[in-house]
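In what follows, a single structure is set out as structure tokens and then discussed.
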Amino acid sequence: RSGKMAKLTQLIDNEVFRAYATYATIVLVKMMLMSLITAYFRITRKAFANPEDTASFGKGESAKKYLRTDADVERVRRGHLNDLENIVPFLGIGLLYALTGPDLYTALLHFRIFAGARITHTFAYLIPLPQPSRGLSWAVGYAATISMAYKVLKTALYL
């Protein structure tokens, strides 16, 4: 193994990598849906951030009233931002974790906990569910990512 890179076919045949790819895709699609939900709320609440987005509702001064913030739109945006802050680190750390050769069961547990926590977090944000549901779902997902990061550092520590 020294000095040799894994071939792409070796990664695709690796069950842990396939599990990572599955759950990474799930959370990425979930994050992409947040963009559509934001657009839906902007359109239904007629609350836009850019003047060109108001063109369908009038011109000049009459369109300016649609350049505003809306509590529902901002709530969705905060949920989307939280996804960016948590899913992006999961993608990098999860990939490195998958490459450390963990047991499939343990890897699936990490990936499923993270994905479930992010989906729960979204529902907790959008419904909204009472606290501590959102905070706990965030913490569970964050802990799964930290656990994977610990395994990566423990396996490949070159500090």
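The model shown is predicted, which means the values in this text are computed figures rather than measured ones.
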* Given side-chain contact (heavy atoms from CB on, under 4.5 Å), test Y23 with L108 step by step and report yes or no. => CA-CA 9 Å; Y23 287 94; L108 280 169; 4.0 Å; yes
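- Hydrophobic clustering (side-chain heavy atoms under 4.5 Å, transitive across Ile, Leu, Val, Met, Phe, Trp, Tyr) groups L95 together with I87.
- Taking the ring pair (Phe, Tyr, Trp, His ring centres under 6.0 Å) definition, one finds that F48 meets it with F57, sequence neighbours left out.
- Interatomic distance, E85 CD to Y142 OH, rounded to the nearest 0.5 Å: 10.0 Å.
- Considering Y97, F90, Y150 in turn, Y97 is the only one that fulfils the ring pair (Phe, Tyr, Trp, His ring centres under 6.0 Å) rule with H110.
- The structure places CD1 of I127 at 12.5 Å from CZ of R134, a figure rounded to the nearest 0.5 Å.
- Checked against a 6.0 Å centroid threshold, the rings of H121 and Y125 count as neighbours.
- The nearest pair of heavy atoms linking M148 to G94 is SD-CA, 4.1 Å.
- For the atom pair CG (D53) and CD1 (I43), the distance works out to 9.0 Å, reported to the nearest 0.5 Å.
- Residues D70 and A47 approach most closely at CB-CB, 3.6 Å, considering heavy atoms.
- Take L136 and apply the side chain to side chain contact (heavy atoms under 4.5 Å, CB included) test, not counting sequence neighbours, and it matches P132.
- Residues P51 and L67 meet the side-chain proximity criterion, which asks for heavy atoms closer than 4.5 Å.
- More than 12 heavy atoms of other residues, nucleotides or ligands sit less than 6.0 Å from atom OH of Y66.
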* Asked: Can you check side-chain contact (heavy atoms from CB on, under 4.5 Å) on L91 and L28, steps first, answer last?
  -> CA-CA 9 Å; L91 294 174; L28 284 169; 3.7 Å; yes
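- Interatomic distance, L99 CG to Y20 OH, rounded to the nearest 0.5 Å: 9.0 Å.
- Under a hydrophobic clustering in which Ile, Leu, Val, Met, Phe, Trp and Tyr are joined whenever their side-chain heavy atoms come within less than 4.5 Å, directly or via other members, F114 and L96 fall into the same cluster.
- When every heavy atom of A63 is checked against every heavy atom of T54, the shortest pair comes out as CB-OG1, 3.4 Å.
- Hydrophobic clustering of Ile, Leu, Val, Met, Phe, Trp and Tyr side chains at less than 4.5 Å, counting indirect connections, unites F17 with F111.
- At distances below 3.5 Å, not a single donor-acceptor pair connects side-chain atoms of N50 with backbone N or O atoms of E52.
- Summarising the local packing, NZ of K46 is surrounded by 12 or fewer heavy atoms from other residues, nucleotides or ligands at distances under 6.0 Å.
- Residues H80 and R77 form no side-chain contact, since every pair of their non-hydrogen atoms from C-beta on lies 4.5 Å or further apart.
- By the 4.5 Å heavy-atom criterion applied to side chains, L33 and L36 are counted as neighbours.
- Criterion: ILVMFWY side-chain heavy atoms under 4.5 Å apart, direct or through other members. Under it, V16 and V27 are part of a common hydrophobic cluster.
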* To do: Please lay out, stage by stage, how D83 and T122 fare under the test side-chain contact (heavy atoms from CB on, under 4.5 Å).
  => CA-CA 8 Å; D83 273 351; T122 297; 4.3 Å; yes
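- Taking both residues in full, the closest heavy atoms of P130 and S133 are given as O-OG, 2.5 Å, listed atom of the first, atom of the second, then distance.
- Within the 4.5 Å cutoff, the side chain of N86 has no heavy atoms near those of the T145 side chain.
- Between the CD atom in E74 and the OG1 atom in T38 there is a gap of 9.5 Å [rounded to 0.5 Å].
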* Derivation and outcome, side-chain contact (heavy atoms from CB on, under 4.5 Å), residues R78 and L81 -> CA-CA 5 Å; R78 288 191 304 272; L81 178 61; 5.6 Å; no
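- Taking each heavy atom of G141 and A117 in turn, the nearest pair found is N-CB, 3.5 Å.
- If you chain together hydrophobic residues whose side chains sit under 4.5 Å apart, V140 and F123 never meet in one group.
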